[in-house]
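Proteins come first, then strands; the chains are lettered A, B, ... in the order of their sequence lines, and each starts at number 1.
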There are 2 protein chains.
Amino acid sequence: MPGPPWWQERFRDWGYRLTIPRQAILSLLSKTNKHLSAIDIYLAVHRVYPGIGLTTVYRTLDLLVKGGLVLKFDFGDGKSRYELCKGPDIKPHHHLVCTNCGRIIDCREFIDKEKEVFENVQSSLSTKYNFDIKGHQIHFYGLCEKCN
Amino acid sequence: MPGPPWWQERFRDWGYRLTIPRQAILSLLSKTNKHLSAIDIYLAVHRVYPGIGLTTVYRTLDLLVKGGLVLKFDFGDGKSRYELCKGPDIKPHHHLVCTNCGRIIDCREFIDKEKEVFENVQSSLSTKYNFDIKGHQIHFYGLCEKCN
DNA sequence: GTAAATGCAAAGGTTTTGCACGTTA
DNA sequence: TAACGTGCAAAACCTTTGCATTTAC
């Protein structure tokens, strides 16, 4: 018996309007574990809400990225990909990217060891460069099983 | 008294022709510590070799990336950036990216600690996912001194 | 001499912008 | 109802492709 989605309150506090396209995009992102591009999202939402425009997808994603609800990735194939990074069931992870076929695999096993290392690194980098570091991304590049 | 550039031999062994545009691009990349886009490279080479075309820049960069002489980065501003990663004076490093103004800072201090961590991680990831991992990138995102 | 490399122009694909119309709070 | 959000069309970019010409070996 799910209550209202957790992002409802967030939008209200935040002062932005929770419109149908925004709900549809958030709902989609919260149900997938894929690495969707703007077009992917447009096409998927279009099936359930045919009125949506690609422009709105881009603008909503920008908003969600700025608000820290979504992460934007560039894996080198010319289009950005988006992932929800807040909410229940969300675990931080990194990516293995096949440089041949573009396949992307999530990997989580490194996260524990990473934490202890990166907390120190980030705070010392912040001090040294006067940089307010918000986060980091780690991408592993190589050849996947099929392409190897 | 510099001898012939180190990449001369490399190209010959490799079976590719060492043309004027290729030399000009490699020469530029070996002298800069900036994070140049294709257009940046085109404009800089154009000053010394006006005959060059943007297409050749892209094709040469692809070649150098495939050959492992150059790394290609995407920092989220819609254009790829290129860095020489072979040759004398080249030290591996990672990047701090300002999400407001796009400024990019190289950081090297993490490299030592990183090595011991990542050698293990990469080999265990390789085994687990049957992925032949060639390398990784770490990007730190935040606000630089001016934008903070 | 011959295959490889180049430059131009055009095409392709992704993302952004301007503006009139709808919608949310 | 007033400000915010949307959709469409067009524009702006970055990158790739086709093809005739030039160049390196």
Side-chain angles (χ1 to χ4, degrees), chain A residues 4-5 7-26 35-67 69-70 72-82 99 102, chain B residues 4-5 7-26 35-67 69-70 72-82 99 102:
Chain A
W7 55 73
Q8 194 164 306
E9 187 191 0
R10 186 131 185 165
F11 261 74
R12 246 185 269 285
D13 296 350
W14 199 9
Y16 291 111
R17 295 178 183 174
L18 191 47
T19 61
I20 293 171
R22 287 175 181 176
Q23 296 193 64
I25 290 170
L26 276 164
H35 311 86
L36 302 176
S37 66
I39 283 274
D40 296 336
I41 293 168
Y42 168 76
L43 291 173
V45 172
H46 189 268
R47 264 185 260 130
V48 66
Y49 180 67
I52 197 160
L54 183 53
T55 305
T56 298
V57 173
Y58 277 108
R59 283 193 283 228
T60 300
L61 290 170
D62 277 0
L63 186 71
L64 296 174
V65 169
K66 280 192 191 111
L69 275 67
V70 162
K72 180 180 179 183
F73 296 96
D74 263 296
F75 295 122
D77 64 345
K79 58 187 118 186
S80 298
R81 290 163 187 284
Y82 301 86
T99 50
Chain B
W7 55 72
Q8 194 164 306
E9 186 192 359
R10 185 131 185 165
F11 261 73
R12 244 184 271 286
D13 295 351
W14 201 7
Y16 291 113
R17 295 176 183 175
L18 192 46
T19 61
I20 293 171
R22 288 174 180 177
Q23 296 192 65
I25 291 169
L26 276 163
H35 311 86
L36 301 176
S37 66
I39 283 276
D40 296 336
I41 294 168
Y42 168 77
L43 291 173
V45 172
H46 189 268
R47 265 185 258 128
V48 66
Y49 180 68
I52 198 161
L54 183 53
T55 305
T56 299
V57 172
Y58 277 108
R59 283 193 283 229
T60 300
L61 290 170
D62 276 359
L63 187 71
L64 296 175
V65 169
K66 279 191 191 111
L69 275 68
V70 162
K72 180 181 178 181
F73 297 95
D74 266 295
F75 294 121
D77 64 346
K79 56 188 119 185
S80 297
R81 290 164 188 283
Y82 301 86
T99 50

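Checking the phosphate oxygens (OP1, OP2) of C/dT16, no side-chain nitrogen or oxygen of A/Tyr58 falls inside 4.0 Å.
For A/Phe75, the ring pair (Phe, Tyr, Trp, His ring centres under 6.0 Å) partners are A/Phe73, A/His95, A/His139, not counting sequence neighbours. Not a single ring pair (Phe, Tyr, Trp, His ring centres under 6.0 Å) links A/Tyr82 to another residue, sequence neighbours left out.
B/Ile39 comes within 4.0 angstrom of nothing in the nucleic acid, heavy atoms only. Heavy atoms of A/Ser37 sit nowhere under 4.0 angstrom from any nucleic acid atom.
Nearest to the side-chain atoms of A/Lys79 among the listed nucleotides C/dG18, C/dT14, D/dT6 stands C/dT14. Picking from C/dT15, C/dT16, C/dG7 the nucleotide with the shortest atom distance to the side chain of A/Ala38 gives C/dT15.
If you take CZ of A/Phe75 and P of C/dT14, they are 16 Å apart, rounded to a whole angstrom. Between B/Asp62 atom CG and C/dT6 atom C1' there is a gap of 15 Å when expressed in whole angstrom units. Across the protein-nucleic acid pair, B/Lys72 atom NZ and D/dT15 atom P stand 7 Å apart, rounded to whole Å. Across the protein-nucleic acid pair, A/Arg22 atom CZ and D/dC4 atom C1' stand 8 Å apart, rounded to whole Å. When rounded to the nearest whole Å, the span between NZ of B/Lys66 and C1' of C/dA5 equals 14 Å. Look at CD1 on B/Ile25: it is 12 Å from C1' on C/dA5, rounded to the nearest Å. Atom CG in A/Leu54 sits about 13 Å away from atom P in D/dT6, given to the nearest Å.
Residue pairs meeting the side chain to side chain donor-acceptor pair (under 3.5 Å) criterion with at least one partner in residues 8-22 of chain B, sequence neighbours excluded, are absent.
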Under 3.5 Å between N/O atoms: give me all the protein pairs with nucleotides 19-24 of chain C, atom names plus distance.
| from | atom 1 | to | atom 2 | distance (Å) |
| --- | --- | --- | --- | --- |
| C/dT24 | O2 | A/Arg17 | NH1 | 2.7 |
| C/dT24 | O2 | A/Arg17 | NH2 | 3.4 |

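An angle of 40°, rounded to 10°, separates the two end axes of the helix from C/dG1-D/dC25 to C/dA25-D/dT1, each defined over five pairs.
DNA chain D is contacted by A/Tyr49 of residues 42-50 of chain A, taking any non-hydrogen atom closer than 4.0 Å.
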